[in-house]
Structures are given as structure tokens and as C-alpha cells.
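Basis for what follows: all heavy atoms, side chains included, without hydrogens, waters or symmetry-related copies.
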Amino acid sequence: MASQDAAAGLIGLGAGGETIFDFLTIDLLATLLKIAGWTIVFGAIVYIPFRRSPTASQAWLLLFFFLPWIALVLYFLLGNALHPEWRRKRLERLPAVLQPIIDRIPDRPPGDFTGLKTRHRITAQLVENIGRLPPLYGNEIEFDGNYDRVVDRIAADIDAACHHAHLCFYILQNDEAGDKVLSALERAAARGVQCRLLIDAVGSSTDRKKIARRLKDTGVEMHVILPLRFWSQATRLDLRNHRKIVVIDGRIGWVGSQNMHRIEYEPKTFYRELMARVTGPVVLELQTIFVGDWYLETEEDIGTEELLPRETLAKAEIGSGSLLQVMPTGPDFPEAGVDVLFTDLIHNARERVALATPYFVPNEELLNAISTAVRKGVKVELYITATTNSFLIDFAQESYFEELLSAGVEVYLYKERFLHAKHLSVDDDIAVIGSSNMDMRSFELNSEVTLIAYDGRLAGELREIETDYRQKSKRLDLEEWRQRGFFRQLAENVTRLISPLL
């Protein structure tokens, strides 16, 4: 026995039969894993700040520091706000597709903002530089916040279509609301109207296959935006088309916050929305965005003259109707996001700003603009739904409330429904409505569409809607808010650290 033990010692055998090579292998593997982990961290420090905003970079680097392997996987799937190479090649060709349409839209020389107040000319130039679309006169616009009526009116507009019906929605479901719109498209296609439908692969994931089967052989041409693929023509999970656009015959347009699903989207959660129905030249700007989105999914250039009726263009006389401008943003427009517009408008406000959004997770620039406005004597009101459909977002946006309340911002939590409307009013002359939330996802990752109205009447109508919000909301009190429990504050602060990733 002694001789066996001695022999075992010579070859490194332990009592359990392990050899010294086993221990060396384990130690070497652990060392290699540590080296690889720190390599990931240092690589992230070098790589990420060049490709994300400072706020988003800080959140990602924090995650890499504590969970490098998990962060690496998440960043590979979600982190880089760039489309894959095949998509970027289409984007390179997109300006050439859109320019002939854009050239037909302006009714004035570039840089001529006749009729705009001096302080709004810079805003109009900013919007045009980002989205390439000018402000246009000769429009009629109507706000509609009645959820079911909006569905019925869109279906009725499709039923009245003579030439084409173009729809783009983040969420379209095959429920009672979606059925009205889909049925109208089927009827229109049956009488020879060209019907084109775009729906987002993630937003409409629940029913997109059912809808595709339903529309097969109906004449309605449907495409899914950025369907998830992981190998050939790979796509990104988090880069989504969040727009809501309807264009009928190049004469009628719809834009705003409402998707096409029943009002009770989640059980016992009833949505409140706001949409704008427009007629006039600005419809052609919505048409331009749709033509671009269609090209990016299909490589088909549909921008023919038939989509731009001459009688619609003829209405764009300076001083007539409402002065409106459309701004597309997203990864397809990398120069700047919609947050730049929000920040600019708030900085230029003189008396009053009101913001309505279901998700409020601002970047530093927007937060500073709001605080600065209050210090200048501007009244700032923020309307947010009392409870979102994500507890992480609840905690993240609540982490800003004490800072906002301390600065003097009036924060209202809307109680009656899920407030999904997204709009902004400034002083008595600017109204903004669109698909964009006030969070990092809408600022950097989502394709959004925003309508800017340089019109006192429309700003007044938004103010009436905001008054209704206020009557159905709870206004937060600073001292009362400070009494919330320690663990809730801890959850808010921890979630705020990763809020740019939500």
C-alpha cells in the first residue's frame, strides 16, 4: 500500500484520483476566463463611447463592468444602433429614391420661411435639415382622441379611396378594431384600389401570420418590417418601425399615437390616444415617408406622380390653411433624433410647455431643457400615465420625479386610462403630435414620425385636451413624494442606471 501511495505521489494522483494536471487545467481555465472577461470590459470602454450617446454609453459600460459575458451577448443583440450591412446599402440608395418626390413638394425656395415667427424659423430649418421635409401651408387638420371613432373613420376613408391606400402601423391585430381596417382594405382592393400595408415584425408579432394568411389572394400587398433573421440578411430585435401612418389617395393622411388594436389592449387596460387627420400638401410628406419605408422593405420604388396629386400640391399657398411640417427620425436618419426637436422647442418656450407621453425616460439634454425653462419662468406641465405596462419603466421614470418637482415642474399622473397619447404644446402657437415617446428608445432606436403645427388654433385645441387630462389626473406633491419608502427609492435609482437600455 505504501509503495502504491508513493507511486501515486510521483505521478500527482490525489486521494480522489485527480492529477496535478487536472488542478493546473482548472486554474488555467479560470485565469483565461478572467483575462477574457477583462478583455471584454476594456474592449467595451474603447468601442462603445464612439457609437452611443454618453448616457447610453454609461449604462452599457456599467453592465459590462459587472456582467461582462451577459453584457456582450446583450450588446450583440441589442446594443449597436445600426442596421445590418444589407439594410445600410438600401439606406444609401434611399435619397435617390425620395429626392424626385421631395423636389415636387416645396412651394418655396429652400430657406424661405415666409409667415413664420422669427423664433420658429430656426426650428423649421432644424426640422427640415434632419428630416429633409419643409413646412407647408394650405393644410386642414383635425385632432381626434375618440379611440373607436378613429378606427371607424380610418376604415371609412379607406372605403372612399379611389386610387391607393397606404398604411404603416407598429401594431396591427386581427381583433375587432383591426378587422374593421383589414376589411376596408379587402373591399378597396376588390374594386381595384392599390392597397399597401406595412406592419412591424415585433410590434405585430401576435397576429402578423394570421393577417398574412387572411390577406393572401385579396389583392392587398402586405410586408412585415424587419422580420427577425439571424443568419442571412440578419436583422436587429430592437431597431423597430414605431410609426403610425395612413395615406389615402395622396389627399388624406392620419398620424399620431394610435395602433390598430382594440381599446382594451391588455386585460382591464383601456388606451387613450390622440390622432391627427390631415388634408393638404403635408399629406405628401407622410406619403414620402411611406414610400421610403416601402422601399427599405421591398427595394421597390413606388414613388410615381400618381401618388402626388396636383390638386393637393396646388393648395400650398403661403398664408393659407395651417402651416404644418413632418419630421421622420430613427436609425434611417442618423443625423439627429426627435429629442433634438423637443429640446429646441422647450428652450425657445416663453410662457408654457405641456408634454404628454406614456413613457418618460429623458436624456440629460431634455431634462436640462425642462429645468432651464422653469428657471426662466416658463410653466411646464408633464402628463404621464399613472402605471405603464412595464414595472421597470415605472421605476425608471419615477426616479426623475423628485428632480422635476424640485425644479418646479407640474407632474400629473393620468388615472382614467392608459395614456398612450404623445404630444407637446408650446406657448400659444406650436402643437406637436406623433408616434414618439419621450424615452431613449424613441430617441435612438425606433423609426418615428412627428407632425409640427405652427398654428395658434391647434395649440389651443391641444391645451383643451391637456385640461381634460389634468382633471382626470393626480398632481404629485413634492413633500408627499419624498415620503415614499426606502426600497422603492432604491429600486428607482438602480433602474435609472440602466434606463437608457430600456
List the residues meeting side-chain hydrogen bond (donor to acceptor under 3.5 Å, both in side chains) with Glu142, not counting sequence neighbours, and say none if there are none.
Arg153
Working note: Tyr469 + His423, criterion ring-ring contact (aromatic ring centres under 6.0 Å, His included); need CA distance, chi angles, decisive distance, verdict.
CA-CA 12 Å; Tyr469 292 164; His423 51 84; 5.5 Å; yes
Listed partners of Asp301 passing salt bridge (charged side-chain N to carboxylate O under 4.0 Å, His left out), at least two apart
none
With sequence neighbours excluded, give me every salt bridge (charged side-chain N to carboxylate O under 4.0 Å, His left out) pair touching residues 193-205.
Asp200-Arg240
Ala276 meets the side-chain contact (heavy atoms from CB on, under 4.5 Å) criterion, sequence neighbours left out, with Ile141, Phe143, Val255, Ile433, Leu451
Who passes side-chain hydrogen bond (donor to acceptor under 3.5 Å, both in side chains) against Thr385, sequence neighbours left out?
none
Determine whether Leu296 and Leu94 make a side-chain contact, defined as any pair of heavy atoms from C-beta on separated by less than 4.5 Å.
yes
Identify, with sequence neighbours excluded, every residue that meets side-chain hydrogen bond (donor to acceptor under 3.5 Å, both in side chains) alongside Asp468.
Arg272, Lys472
Residues two or more places apart in sequence or in another chain: which of them pass ring-ring contact (aromatic ring centres under 6.0 Å, His included) with Tyr359?
none
How would you list, by chain and number, every residue that makes a salt bridge (charged side-chain N to carboxylate O under 4.0 Å, His left out) with Arg208, sequence neighbours excluded?
none
Under the salt bridge (charged side-chain N to carboxylate O under 4.0 Å, His left out) test, residues paired with Glu186 that sit two or more places apart
Arg214
Under a 4.5 Å cut-off applied to non-hydrogen side-chain atoms, are Leu215 and Leu197 in contact?
yes
If the condition is ring-ring contact (aromatic ring centres under 6.0 Å, His included), which residues does His120 pass it with, not counting sequence neighbours?
none
Within a strict 4.5 Å, meaning less than it, do heavy atoms of the Val340 and Val338 side chains meet?
no
Can you tell me which residue pairs pass the salt bridge (charged side-chain N to carboxylate O under 4.0 Å, His left out) test with a partner in residues 281-294, sequence neighbours excluded?
Arg243-Asp293
With Asn368, which residues qualify under side-chain contact (heavy atoms from CB on, under 4.5 Å), at least two apart?
Glu364
With side chains defined as the heavy atoms from C-beta onward, is the minimum distance between Trp294 and Glu300 less than 4.5 Å?
yes
Step-by-step ring-ring contact (aromatic ring centres under 6.0 Å, His included) determination, Tyr383 to Tyr412:
CA-CA 5 Å; Tyr383 298 93; Tyr412 295 91; 5.0 Å; yes
